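Notes for the one structure printed next.
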Protein chains: 2
Amino acid sequence: MNISDFLTSIVPFDSAELGDILSCFEKKKFSKNTMLIEQGEICKTLYFIESGIGRSYFLKKDGKEVTQWFFGSGKFMSSVDSFFQQTPSLYYLEIIEDSVVYSISKSKMDELFSKYHKMEHFGRQVSIEMLTKVVNKLNAIQFQTAKERYEYMLEEFPDISHRVALGHIASYLGMTQETLSRIRR
Amino acid sequence: MNISDFLTSIVPFDSAELGDILSCFEKKKFSKNTMLIEQGEICKTLYFIESGIGRSYFLKKDGKEVTQWFFGSGKFMSSVDSFFQQTPSLYYLEIIEDSVVYSISKSKMDELFSKYHKMEHFGRQVSIEMLTKVVNKLNAIQFQTAKERYEYMLEEFPDISHRVALGHIASYLGMTQETLSRIRR
DNA sequence: CTATTCCTTTGACATAAATCAAAAACTAAA
DNA sequence: TTTAGTTTTTGATTTATGTCAAAGGAATAG
């Protein structure tokens, strides 16, 4: 999904506003396995995925990767708390499929928020939507069996579930890849 | 914590704005065991807890209650997605200790959001803070042992952990009360 | 095209936490 | 204070999922 369609689907920006907003974004292409942010860095850029897939993950003490979220087409990708609160990121951000993204810096984003009341509204809407999604995942993880969790995954990320490594999905769902492999069969 | 202190701690409202905003809230007292919202209802009111404690919970298919969140002094309490998106609530909202709360209707809240750019900013900040907290809980639930989860609870809700029923905490942490009882010992 | 590396599946076994059941310890009411 | 109700603790057993180990398949680079 296109970024300007996404913006206007949530808030009715007029064309002047939209032009101004879009001019703050920069279009980029990233190839598979590109790392956007390392754990511990402060996230200074917000990304919008036009096409492709990204994920956030962190390393457990034992060195195992744990996927925290997937970002598909039409979604903003960042380490939310690191970007908005300028604290060290708990996660790595990685592009896992060749992607076209739009990026914007924290300072530009803040300018837009203070320049346009509508933009602030947009930001709030997107945050609440994300909050709802995280709560859904939490409920799935907390109260469902491994099998039901996989079904949640298929619903939440229908376009992504079959394009990423099994191990990434397993850790996202809080189970081992052996367990997920057995469930899929 | 007082509501006007809370508002100004996040956004520097001037006294006229603050007065206008506060006039939209209504102060109420609720006693223990009051139900504010039932599962399935659309949440039309947002609450701010000045003192006391509330919780949200839902019923699993087998009829067991599962605590979803605790709301202590200085926090907004609602069924977030139901309130902001006006969809049926997945949760019950219950006051579990005699409380003093400020309530505001969805329509008044929306008026404030559109009247004051600063209020929209406030809303975004609060949403992001909540998002961060839910992500923290998610990480605790997903990757930590029962014991570590209890330690997370003590950190996140230091003032609440010793005031609510063990069963409520156990279900919040995604474990049985027997397990929590064994951990505490 | 072939070799190396990575990813997925399968099997055997271990374990944290759930379940079931009942006793003990609080709380609140009469 | 006695009674009834609720909440917490303790014990015995079960179970879903994790861990460890190895083999089979796919993908990628040279």
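Keep in mind the model is a prediction, meaning the values are calculated, not measured. So that the names make sense, note that chain A is the first sequence line, chain B the second, and so on, each numbered from 1.
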Minimum-distance nucleotide (side-chain atoms of B/T176 versus C/dA17, C/dA18, D/dT17): C/dA18

Atom pair distance, as rounded to whole Å: CG in A/L180 and C1' in D/dT19: 17 Å

Between D/dG18 (C1') and B/F143 (CZ): distance, integer Å: 14 Å

Closest nucleotide among D/dA21, C/dA17, C/dC20 to the B/A146 side chain: C/dA17

Touch class at under 4.0 angstrom, heavy-atom based, for B/R184 against every strand present: nothing

Rounded distance (Å) that lies between atom P of C/dC7 and atom CD of A/E178: 14 Å

Side chain of A/T179 (C-beta onward), nearest among D/dG18, C/dT19, D/dT8: D/dG18

Lys/Arg-Asp/Glu bridge criterion (N-O < 4.0 Å) met for A/R55, A/E65: yes

Residue met sooner reading DNA chain C from 5', once B/T145 and B/K32 are mapped to nucleotides: B/T145

Sugar-phosphate, base or nothing in reach of B/K147, heavy atoms under 4.0 Å: nothing

Separation of C/dA17 C1' from B/L173 CG (nearest whole Å): 14 Å

Result of checking B/S79, B/S82, B/S78 against B/S89 for side-chain hydrogen bond (donor to acceptor under 3.5 Å, both in side chains): B/S79

Derivation of the ring pair (Phe, Tyr, Trp, His ring centres under 6.0 Å) call for B/F13 and B/Y116: CA-CA 10 Å; B/F13 292 107; B/Y116 299 112; 7.1 Å; no

Between P of D/dA16 and CD of A/Q142, the distance in whole Å: 19 Å

Whole-Å distance separating the NE2 atom of B/H168 from the P atom of D/dT6: 13 Å

Selection from C/dT8, C/dG11, D/dT8 that lies nearest to any side-chain heavy atom of A/Q177: C/dT8

Atom-to-atom span, CG of B/N33 to P of D/dG5 - whole angstrom: 17 Å

Validation row, ring centre A/F143 to ring centre B/F58 under 6.0 Å: yes

Side-chain donor/acceptor of A/R182 to base of C/dG11, under 3.5 Å: yes

Nearest-neighbour nucleotide for the A/L166 side chain, D/dT8, C/dT9, D/dT17 considered: C/dT9

Distance, rounded to the nearest Å, where B/I169 contributes CD1 and D/dT7 contributes C1': 13 Å

5'-most by nearest nucleotide on DNA chain D - B/V164 or A/Q144: B/V164

Donor-acceptor contact below 3.5 Å, side chain A/S56 vs main chain A/W69: yes

A/M175 side chain, from C-beta outward: closest of C/dA17, D/dG18, C/dG11: D/dG18

N or O in side chain of B/R185 less than 4.0 angstrom from D/dT9 OP1/OP2: no

